[in-house]
**Student:** 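For reference, the structure I am asking about is given below.
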Amino acid sequence: FGSVPVVAASGIPWVSYFSVPPLPLFLEHDNDRVCRYPNYMKPPPVTELKQSLVARVKNHMVCRFLQTYMVFADREMRALFDAREHGRWPAPND
């Protein structure tokens with residue numbers, strides 16, 4: 001985000017890309033089913049998940065935390081893009 005005001009002020013056309021790894025939450029809408037997969041923050045080995053209830057519970061808790069974070073991040077990104085679309089984006093000198 002730091003270079004956007006500089007590029008915008010220069011008048012040079014630009015394109016922004018956002019890249020994310022393939023995540024089950026983009027393909028599956030049932031939160032419980034999403035959390036059956038190893039979380040992507042620090043994935044435990046599948047054999048450990050199969051053998052340990054504690055590992056499955058921990059994985060599920062981390063997954064739920066990440067889901068909450070994604071909801072928050074999505075809300076903030078939508079607010080930024082909405083502000084930009086409706087001309088409420090801060091001027092480069094602000």
**Student:** List the residues meeting side-chain hydrogen bond (donor to acceptor under 3.5 Å, both in side chains) with Asp74, not counting sequence neighbours, and say none if there are none.
**Tutor:**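 Once residues adjacent in sequence are excluded, the partners of Asp74 under the side-chain hydrogen bond (donor to acceptor under 3.5 Å, both in side chains) criterion are Arg78.
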**Student:** Quick one: name the residues clustered hydrophobically with Met61, using the 4.5 Å side-chain heavy-atom rule over I, L, V, M, F, W, Y, and just say none if it's on its own.
**Tutor:**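 In the cluster with Met61 are Leu53, Val57.
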**Student:** Can you measure from CG (Leu80) to CZ (Arg75) and round to the nearest 0.5 angstrom?
**Tutor:**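 One gets 11.0 Å once the value is rounded to the nearest 0.5 Å.
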**Student:** For residues Pro38 and Pro43, report the shortest heavy-atom separation together with the two atoms involved.
**Tutor:**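 Looks like CB-CB, 3.9 Å.
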**Student:** Going by side chain to side chain contact (heavy atoms under 4.5 Å, CB included), name the residues that satisfy it together with Pro45, two or more places apart in sequence or in a different chain.
**Tutor:**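 Residues passing side chain to side chain contact (heavy atoms under 4.5 Å, CB included) with Pro45: Thr47, Glu48.
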**Student:** For the pair Tyr69 and Phe65, name the ring-plane relationship: parallel under 30°, tilted 30 to 60°, perpendicular over 60°.
**Tutor:**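 Parallel.
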**Student:** So which pairs with a foot in residues 4-17 pass salt bridge (Lys or Arg N to Asp or Glu O under 4.0 Å), sequence neighbours left out?
**Tutor:**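 Residue pairs with at least one partner in residues 4-17: there are none.
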**Student:** Which pairs pass side chain to side chain donor-acceptor pair (under 3.5 Å) with one or both residues in residues 50-60, sequence neighbours excluded?
**Tutor:**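 Pairs touching residues 50-60 that pass the test: Asn39-Asn59, His60-Arg64.
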